[in-house]
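Only heavy atoms go into these numbers, but all of them, side chains included; no hydrogens, no water, no symmetry mates. Chain letters run A, B, ... following the sequence lines, proteins first and then strands; every chain starts at 1. Because the structure is a prediction, the values reported are computed rather than measured.
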Amino acid sequence: MDKAYSPAAIEARLYARWESLGAFKPSGTGPAYSIVIPPPNVTGTLHMGHAFQDTIMDALIRHRRMLGFDTLWQPGTDHAGIATQMVVERQLNAAGSSRRDLGREAFIERVWQWKEQSGGIISNQMRRLGASVDWSRERFTMDPQLSEAVTEVFVRLHREGLIYRGKRLVNWDPVLKTALSDLEVASEPEQGSLWHLRYPLADGPGHLVVATTRPETMLGDTAVAVHPDDERYRALIGRRVRLPLAGREIPIIADTYVDPEFGSGCVKITPAHDFNDYEVGQRHALPMINVMTLDARLTDEVPAPYRGLERETARARIVADLEAQGLVERIEPHQLMVPRGDRSHAILEPLLTDQWFVKIAPLAAPAVRAVEEGRIRFVPENWSGVYFEWMRNIKDWCISRQLWWGHRIPAWYDADGRVYVGRTESEARAAHGIGPEVVLRRDEDVLDTWFSSALWPFSTQGWPASTREMAVYYPTSVLVTGFDIIFFWVARMIMMGLKFTGEVPFREVYVHGLIRDHDGQKMSKSKGNVLDPLDIVDGIGLDALIAKRTSGLMQPQMRPAIERATRKQFPDGIAAFGTDALRMSFASLATMSRDLRFDMARVEGYRNFCNKLWNAARYVLLNAAEDGGDGVVEYGVADRWIRSRLAATLERVEAGFADYRLDLVATALYEFTWHHYCDWYVELTKAVLQSEDATAAQKQGARRTLVGVLETLLRALHPLAPFISEEIWQRARASAGVSGETIMLARYPRAADLDRDPEAERELEWVRQFVLGVRQIRGEMDIAPSRKIEVVLQNAGPQDLSYLDRNRRFLERLAGIETPRLVERGAPAPISAVALLGELEILVPMAGLIDPAAEEERLGKRRRKAEADLQKLRAKTANEEFVRNAPAEVVAKDRARILELGTELEQLDRQASRVRALLAQ
RNA sequence: GCGCGCUUAGCUCAGCGGUAGAGCAUCACCUUGACAUGGUGGGGGUCAGUGGUUCGAUCCCACUAGCGCGCACCA
């Protein structure tokens with residue numbers, strides 16, 4: 001083995017081997033365990049969030065696979081309607097063309113080309129991460145069979161009256177020229193104005209003042225509303241005002257929607273351009289006048305001077321004209337929430353259009369019950385509250401999009417606009433008895449991308465056919481996802497899954513946090529703080545990193561700031577840390593927090609961990625090579641101890657996996673590997689293996705244990721660190737006496753396979769405390785590590801003597817001491833620095849080694865600590881209520897500790913007085 | 001406005017009714033035969049604040065403050 005761990009040399013080779021072995025396919029034995037991947041955009045690239053999520057899923061899948069489950073990790077990609085269409089349109093625009101130039105057919109063809117061209121990128125990136133998905137089952141939301149599922153769902157819902165079409169006020173994106181669902185609206189606070197406008201009374205002198213943030217919609221006003229109890233306006237209710245500029249008369253109505261406190265207490269009502277006004281309009285049967293076109297210009301419904309004006313221009317013109325007529329009372333600054341499209345970022349326009357909707361309440365009710373009844377469990381649990389909150393207030397879902405890329409709605413219209421829904425045109429004709437002489441025109445719209453995503457857990461398994469996959473892998477075991485798409489995706493999958501399969505789509509939802517940068521900022525291209533996961537795996541130079549972060553910026557003026565920040569944070573670029581280090585880092589981030597700060601220092605730490613493991617393995621394999629064969633094997637206390645620690649570690653690992661606490665899994669394995677196995681056990685074996693008086697059987701026991709524990713540890717680590725564990729396992733398996741093609745398919749170790757050994761733990765703890773005590777003296781007294789020191793033991797009890805007898809070899813090696821000399825209790829001993837191990841006093845004679853003043857200080861420090869502890873415990877146990885109410889073992893423990901501390905203080909005082917006597921000379 | 005998080009060592013985070021932990025950073029010593037991507041030892045915290053419950057609170061409850069997120073918004 002090479003001296004240093006170098007991930008690049010092993011990773012690609014191992015992944016290719018796993019894939020060619022077919023190790024990612026379900027094994028077909030054991031109970032099923034399945035996860036569907038949240039499908040990334042087919043033309044997208046892997047970002048940190050994907051890498052994090054994939055790491056979690058892969059760890060869960062590898063763990064269950066090794067436990068013998070029939071494991072399926074279902075991969076695939078999403079057509080991502082708006083996002084993908086926008087990318088291709090931008091390409092066309094850059095080339096001086098447009099989608100309209102191309103026409104629908106050619107444009108769609110073009111998108112498919114782009115999908116073929118870039119669709120493999122993210123899959124290959126997933127391979128680099130070691131994702132053990134079954135590639136042979138990769139699916140795409142626009143595959144024929146998945147499209148068939150979409151049509152099937154649409155037709156069935158329509159037949160049941162759960163999909164309907166109608167003219168409704170929807171969120172309209174005038175740039176993309178499509179309707180959006182409520183979820184795709186991101187409102188942001190922006191600085192605007194509140195215009196106070198005078199509307200003259202139609203039937204007499206005087207006027208009303210209405211306050212509005214959108215004067216350009218006034219031409220569509222069909223009423224002015226006041227609160228019914230508002231004394232100021234009570235008398236005016238039922239009268240009329242003359243709408244300025246338009247000249248129409250509109251009524252003054254009363255509606256409790258109006259807040260008398262706000263503005264003037266009079267609200268202009270524009271039912272066709274505001275959601276609240278729409279409802280007021282419904283209540284009062286007001287006419288709706290649409291004054292806005294699909295690209296947000298004024299329609300022919302308005303007076304001639306304003307027709308065709310873009311909304312911003314129209315606003316300026318209308319305000320100017322009103323001002324000219326003295327109808328603007330005042331304009332005040334006003335902060336308002338401006339609705340913008342989450343993709344285009346354009347200001348959305350509430351617009352009356354014909355759209356398709358899913359009637360959601362009948363679907364939501366069972367979906368709420370499924371979570372209430374625990375058939376689906378959210379982890380962490382509090383996300384179910386968010387889910388309930390949304391589901392209780394859910395509104396009908398606008399599913400039609402005026403795009404070209406997506407699943408076209410299976411509806412046809414005749415010349416009179418009558419609509420016929422069917423799986424195909426011929427089915428629609430047959431169902432409605434429409435002969436071939438009638439010309440039908442297919443609906444132009446496509447479905448919201450999330451409509452097909454909602455079917456993903458079962459459409460990927462072959463639905464609507466009843467397949468073996470549906471029977472075995474559905475419902476899936478767990479959905480791993482971020483909280484940002486609970487509404488978009490999770491809720492809709494639950495509704496659709498229950499509706500069409502009668503089953504929940506997944507039994508648990510593990511909602512992980514969001515990966516942020518080191519400063520807690522969301523990673524985004526525009527902030528210039530994105531990291532490419534593969535740059536952490538492969539490394540990247542500073543210049544290349546800056547180039548990556550600053551190319552293709554929407555706001556090029558950000559460039560210098562991004563460059564500066566990047567130079568500061570990564571002065572030397574990013575080192576090649578390897579996939580395993582990245583994955584371990586992600587696992588360690590997988591706490592229950594919702595914000596997860598990504599810190600490169602952590603990756604470096606786990607890279608070092610990999611190196612540590614690698615070198616420990618070198619040591620083990622070097623020694624295992626000297627295996628004495630079939631001789632007698634004797635396992636010593638250290639061997640028993642490390643097995644016992646391993647058992648304890650596996651208990652923590654099991655608990656971590658059960659609770660989706662991969663951070664605890666990572667920590668448990670890290671601690672065991674570094675602090676138990678490497679720091680202590682490996683060092684202890686050196687005392688045996690390099691000893692002349694250790695027996696062959698003892699050496700054999702150490703060798704077997706070294707390699708056996710290593711092999712088990714590798715299997716335990718494999719779900720988090722698949723590559724290094726496989727690489728070492730391949731080299732270690734012969735020495736360990738295990739067989740198998742790959743660690744991937746080896747059995748996952750269980751705590752129950754090993755025994756806890758309390759006796760060995762106690763004894764080795766004594767050894768550790770002994771060594772630590774001596775080391776502390778060495779460290780604080782600056783005694784060279786190479787220098788063997790003399791040690792005198794006083795007050796040794798029978799237990800100490802027997803421990804000492806068995807472990808002398810360890811103490812001499814790890815503490816760097818000569819064979820200890822025993823002194824009777826009370827007998828004279830040399831003036832020494834002292835370490836305490838219960839009653840036992842470990843004395844390091846000072847002569848020529850130790851500065852008495854330093855030792856006095858050290859003793860004083862320890863004394864202060866012991867004294868403080870003692871005071872606290874004395875006060876506690878003096879409290880009668882404590883003694884009466886606390887559990888007996890707690891009281892007993894505290895009392896025992898008081899005795900210990902008393903002894904310790906006596907010992908420290910005795911030592912201190914001797915040292916002081918020495919100093920006084 | 002309603003709801004939900006978070007606040008623990010310089011930084012990033014675990015923990016949790018019974019003696020405050022890790023990684024990184026820091027200081028000192030060390031090229032010791034797996035590993036300097038390392039070893040050994042040290043320093044560092046009134047667990048945001050106030051009140052309550054309790055024999056006992058970093059932990060449970062209430063309130064306050066700060067930070068963050070989601071939803072809904074008064075035109």
- Output the residues of residues 672-681 of chain A in contact with RNA chain B, where contact means a heavy atom of the residue under 4.0 Å from an atom of the strand; sort by number or write none. A:Trp674, A:His675, A:Cys678, A:Asp679

- Message: So, OP1 or OP2 of B:U19: does either fall under 4.0 Å of a side-chain N or O from A:Arg897?
- Response: no

- Touch class at under 4.0 angstrom, heavy-atom based, for A:Leu514 against every strand present: nothing

- Message: Applying a 4.0 Å non-hydrogen cut-off, can you work out what A:Tyr670 is touching in the nucleic acid: base, sugar-phosphate, or nothing?
- Response: sugar-phosphate

- Report the C-alpha separation of A:Phe378 and A:Val490 in whole Å, then their side-chain angles, then the decisive distance to 0.1 Å, and conclude whether the side chain to side chain contact (heavy atoms under 4.5 Å, CB included) test is met. CA-CA 11 Å; A:Phe378 278 86; A:Val490 180; 4.3 Å; yes

- Just call it for A:Thr591: base, sugar-phosphate, or nothing, with non-hydrogen atoms closer than 4.0 Å on any strand. sugar-phosphate

- Any side-chain heavy atom of A:Lys612 sitting closer than 4.5 Å to one from A:Tyr5? no

- Would you name the heavy atoms of A:Leu589 and A:Arg597 that are closest together and state the gap between them? CD2-O, 3.3 Å

- Is there a Watson-Crick or G-U wobble partner for B:A72 with both distances under 3.5 Å, and if so, which one is it? none

- Query: OP1 or OP2 of B:C35 less than 4.0 angstrom from a side-chain nitrogen or oxygen of A:Lys3, does that happen here?
  - Reply: yes

- Query: Does A:Arg652 place a side-chain N or O at less than 4.0 Å from the phosphate oxygens OP1/OP2 of B:A14?
  - Reply: no

- Message: Please confirm whether the shortest side-chain N or O distance from A:Lys872 to OP1 or OP2 of B:G18 is below 4.0 Å.
- Response: no

- Query: With the threshold set at 4.0 Å, does a side-chain nitrogen-carboxylate oxygen contact exist between A:Arg731 and A:Glu727?
  - Reply: yes

- Rounding to a whole Å, what distance do you find between A:Ile486:CD1 and B:C71:P? 11 Å

- So what does A:Ala886 hit on the nucleic acid, given a heavy-atom distance under 4.0 Å: a base, only sugar-phosphate, or nothing? base

- Task: Mind checking A:Val682 for me? I need base, sugar-phosphate or nothing, with any heavy atom below 4.0 Å counting as a touch.
- Result: base

- Can you tell me how far C1' of B:G1 sits from CE of A:Met337, to the nearest Å? 12 Å

- Task: Looking only at side-chain atoms of A:Arg594, point me to the closest of B:G5, B:G42, B:C35.
- Result: B:G5

- Between B:A75, B:G18, B:A34, which one does the side chain of A:Lys893 approach most closely? B:G18

- Counting N and O atoms only, with roles assigned by atom type, does the side chain of A:His512 sit under 3.5 Å from a partner on the main chain of A:Ala590, one being a donor and the other an acceptor? no

- Message: Using the rule given for side chain to side chain contact (heavy atoms under 4.5 Å, CB included), can you reason through A:Lys522 versus A:Arg516, listing the C-alpha separation, both sets of side-chain angles and the distance that settles it, and then say yes or no?
- Response: CA-CA 5 Å; A:Lys522 204 167 165 174; A:Arg516 296 171 174 278; 3.9 Å; yes

- Query: Are A:Asn611 and B:U37 close enough that a side-chain N or O sits under 4.0 Å from OP1 or OP2?
  - Reply: no

- Message: Under the side chain to side chain donor-acceptor pair (under 3.5 Å) definition, can you give me all pairs with a residue in residues 669-679 of chain A, not counting sequence neighbours?
- Response: A:Arg652-A:Glu671, A:His675-A:Asp679

- Message: Mind checking if A:Thr667 touches a base, just sugar-phosphate, or nothing, with heavy atoms under 4.0 Å?
- Response: nothing

- Which nucleotide in the list B:G68, B:A34, B:C55 gets nearest to the side chain of A:Asp595? B:G68

- Task: Counting heavy atoms from C-beta on, name the nucleotide in B:A28, B:G18, B:A34 closest to the side chain of A:Val890.
- Result: B:G18

- Item | Length of the line joining A:Glu683:CD and B:A34:P, which is rounded to integer Å | 8 Å

- Message: Regarding A:Asp259, tell me which of base, sugar-phosphate or nothing describes its non-hydrogen contacts under 4.0 Å with the strands shown.
- Response: base

- Message: Closest approach to the side chain of A:Gln690, judged atom by atom: which nucleotide of B:G68, B:G33, B:C73 is it?
- Response: B:G33

- Message: Taking any heavy-atom pair under 4.0 Å as a contact, classify A:Leu873: base, sugar-phosphate, or nothing.
- Response: nothing

- Query: A:Lys686 near the nucleic acid: base, sugar-phosphate alone, or nothing, with a heavy-atom cut-off under 4.0 Å?
  - Reply: base

- Nearest to the side chain of A:Glu881 - B:C11, B:C55, B:A14? B:C55

- Query: Ignoring hydrogens and angles, does a donor from either the side chain of A:Arg607 or the base of B:U37 sit under 3.5 Å from an acceptor on the other?
  - Reply: yes

- Task: Check whether any side-chain N or O of A:Lys876 sits under 4.0 Å from OP1 or OP2 of B:U19, and answer yes or no.
- Result: no

- Query: Between A:His334 and B:A75, is there a side-chain N or O to OP1/OP2 distance below 4.0 Å?
  - Reply: yes

- Nucleotide B:C35, atom P - distance to CG of A:Asn615 in whole Å: 6 Å

- Which nucleotide in the set B:A36, B:G38, B:G5 lies at the smallest distance from any side-chain heavy atom of A:Asn608? B:G38

- Thinking salt bridges, do A:Glu867 and A:Arg864 make one under a 4.0 Å N-O criterion? no

- Task: Would you classify A:Glu389 as touching base, sugar-phosphate or nothing, given that sugar-phosphate means primed atoms plus P, OP1 and OP2, and contacts are heavy atoms under 4.0 Å?
- Result: nothing

- Task: Please report the C-alpha distance between A:Val774 and A:Ile789 in whole Å, then the side-chain angles of each, then the deciding distance to 0.1 Å, and finally whether the side chain to side chain contact (heavy atoms under 4.5 Å, CB included) criterion is met.
- Result: CA-CA 9 Å; A:Val774 176; A:Ile789 55 177; 3.8 Å; yes

- Query: Please give, in whole Å, the distance from B:U19 P to A:Lys865 NZ?
  - Reply: 12 Å

- Query: Whole-Å distance between B:A14 P and A:Arg602 CZ?
  - Reply: 8 Å

- Check whether any side-chain heavy atom of A:Met288 lies under 4.5 Å from a side-chain heavy atom of A:Tyr278, and answer yes or no. yes

- Using whole Å, report how far CZ of A:Arg778 lies from P of B:G39. 18 Å

- Message: At 4.0 Å (heavy atoms only), tell me whether A:Lys861 reaches a base, stays on the sugar-phosphate, or touches nothing.
- Response: sugar-phosphate

- Note on the structure: Ordered by number, residues from residues 569-580 of chain A within less than 4.0 Å of RNA chain B (heavy atoms) are none

- Message: OP1 or OP2 of B:U40 versus the side-chain N and O atoms of A:Gln776: is any pair under 4.0 Å?
- Response: no

- With nearest nucleotides of RNA chain B determined for A:Gly605 and A:Phe609 from heavy-atom distances, which residue corresponds to the more 5′ nucleotide? A:Gly605

- Query: Any side-chain heavy atom of A:Met600 sitting closer than 4.5 Å to one from A:Val603?
  - Reply: yes

- Message: Quick check for you: among B:G41, B:A75, B:C30, whose closest atom lies nearest to any side-chain atom of A:Leu772?
- Response: B:G41

- Tell me which nucleotide among B:G41, B:A75, B:G23 gets nearest to the side chain of A:Tyr257. B:A75

- Message: Between A:Phe570 and A:His518, is the ring centroid distance below 6.0 Å?
- Response: no

- Message: Distance check needed: B:A36 C1' versus A:Tyr5 OH, whole Å only.
- Response: 18 Å

- Query: Picking from B:G41, B:A14, B:C55, which would you name as closest to the side chain of A:Leu664?
  - Reply: B:A14

- Message: I need the minimum non-hydrogen distance between A:Val883 and A:Thr877, along with the two atoms involved.
- Response: CG2-O, 3.4 Å

- Task: Would you please test A:His284 and A:Thr222 for side chain to side chain contact (heavy atoms under 4.5 Å, CB included) and show each step?
- Result: CA-CA 10 Å; A:His284 297 267; A:Thr222 54; over 6 Å; no

- Message: Heavy atoms only, 4.0 Å cut-off, all strands: where does A:Arg392 land among base, sugar-phosphate and nothing?
- Response: nothing

